[in-house]
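Below: one structure, written as structure tokens.
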Amino acid sequence: MYYTGYPKDLGPSRIIPFTSERQFVQLLHEGRPVVVAFTIKCTYTQHLDKVLEEAAATFYPHVKFVRVECPKYPSFCLTRQKTEYPFLEVFYNPEQAANPGKVADQNITKYSAKVLPFNYDQSVYGFREYFKKYGFKYSDTD
């Protein structure tokens, strides 16, 4: 019998479900890279979920993984200006926005983050190579 890699006992899910932009900004503020999967219901999303679960368990706690169900949060997904789903983007290096100008509400903090498209192999290996290329800390040994 051959081992196909699934199912693996990964423990509890390390994927953070997207609930609001406020929660997302707080996650960015932690200073770790955040891989965001923008998804819709389809068979490819089911495969991607398995890959994300394994990658999230592998790179925890150095890289955070977030899954956005686009039908539930269309305004957040539409700002990405993509037409093909699912897709991945990596947000990192949050900085408090310098000189935000006039802010109507003092409770609003603006942040900017660099966003890179993820166009590598969608596997743990692909994520590892991507993190190496961009110099992300993804484990205690690197």
Side-chain angles (χ1 to χ4, degrees), residues 3-142:
Y3 178 65
T4 61
Y6 292 103
K8 288 185 179 179
D9 183 19
L10 302 173
S13 176
R14 302 282 185 196
I15 296 177
I16 302 163
F18 181 89
T19 56
S20 69
E21 289 188 43
R22 179 181 299 254
Q23 169 242 10
F24 183 68
V25 168
Q26 289 171 344
L27 193 60
L28 285 175
H29 189 57
E30 292 177 12
R32 301 186 193 287
V34 179
V35 176
V36 181
F38 294 87
T39 64
I40 59 173
K41 280 193 187 251
C42 68
T43 54
Y44 188 70
T45 296
Q46 293 171 350
H47 167 73
L48 182 62
D49 282 344
K50 292 176 186 174
V51 171
L52 289 175
E53 286 290 348
E54 186 174 354
T58 302
F59 300 115
Y60 180 83
H62 302 286
V63 180
K64 303 290 185 176
F65 285 77
V66 174
R67 183 171 186 265
V68 181
E69 294 180 38
C70 289
K72 289 184 181 177
Y73 304 98
S75 62
F76 185 71
C77 294
L78 290 174
T79 61
R80 309 309 318 148
Q81 298 180 349
K82 298 275 187 174
T83 56
E84 294 179 13
Y85 291 91
F87 66 93
L88 298 171
E89 289 186 334
V90 181
F91 293 72
Y92 75 105
N93 196 20
E95 300 167 356
Q96 195 164 357
N99 192 12
K102 263 190 173 176
V103 178
D105 185 352
Q106 294 301 321
N107 296 324
I108 295 175
T109 306
K110 292 187 178 183
Y111 288 90
S112 63
K114 294 181 182 177
V115 181
L116 298 171
F118 183 85
N119 49 11
Y120 277 60
D121 178 44
Q122 292 182 355
S123 66
V124 173
Y125 173 78
F127 282 111
R128 186 174 289 116
E129 292 303 307
Y130 182 88
F131 298 151
K132 280 183 195 174
K133 177 180 179 183
Y134 289 101
F136 295 149
K137 180 176 174 59
Y138 60 88
S139 72
D140 291 325
T141 59
D142 68 304

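Positions are given from 1, in the same order as the sequence printed here.
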Just say parallel, tilted or perpendicular for the rings of [X] and [Y], cut-offs at 30° and 60°.
X: Phe24; Y: Phe18; value: tilted
X: Phe87; Y: Phe38; value: parallel
X: Phe131; Y: Phe65; value: perpendicular

What's the shortest heavy-atom distance between [X] and [Y], and which atoms?
X: Tyr130; Y: Val90; result: CE2-CG2, 3.5 Å
X: Glu53; Y: Ser13; result: OE2-OG, 2.9 Å
X: Arg14; Y: Ala57; result: CG-CA, 4.0 Å
X: Ser75; Y: Glu21; result: OG-OE2, 4.4 Å

Is Glu129 paired with Lys132 through a side-chain N to carboxylate O contact shorter than 4.0 Å?
yes
Would you call Lys82 and Glu84 a salt bridge, taking side-chain N to carboxylate O under 4.0 Å as the test?
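No.
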Side chains of [X] and [Y] in contact at under 4.5 Å (non-hydrogen atoms):
X: Thr58; Y: Phe127; answer: no
X: Ile40; Y: Glu69; answer: no
X: Val34; Y: Leu28; answer: yes
X: Leu27; Y: Val66; answer: yes
X: Cys42; Y: Tyr85; answer: no
X: Arg22; Y: Gln26; answer: yes
X: Phe91; Y: Val36; answer: yes
X: Lys64; Y: Val35; answer: no

Tyr92 ring center near Tyr134 ring center (under 6.0 Å):
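Ring centres of Tyr134 and Tyr92 not closer than 6.0 Å.
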Would you check if the distance from the ring center of His62 to the ring center of Phe59 is below 6.0 Å?
no
Quick check against the 3.5 Å criterion: does [X] have a side-chain atom that pairs as donor or acceptor with the backbone of [Y]?
X: Thr45; Y: Lys41; result: no
X: Lys137; Y: Ser139; result: yes
X: Arg67; Y: Thr39; result: no

Please say whether more than 12 non-hydrogen atoms of neighbouring residues, nucleotides or ligands are located less than 6.0 Å from OH in Tyr125.
no
Salt bridge (Lys or Arg N to Asp or Glu O under 4.0 Å), that's the test. Do Arg80 and Glu89 meet it? Break it down for me.
CA-CA 9 Å; Arg80 309 309 318 148; Glu89 289 186 334; 2.6 Å; yes
Would you compute the distance between atom CG of Asn119 and atom CG of Leu88 and round it to the nearest 0.5 angstrom?
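Going from CG on Asn119 over to CG on Leu88, the span is 10.0 Å.
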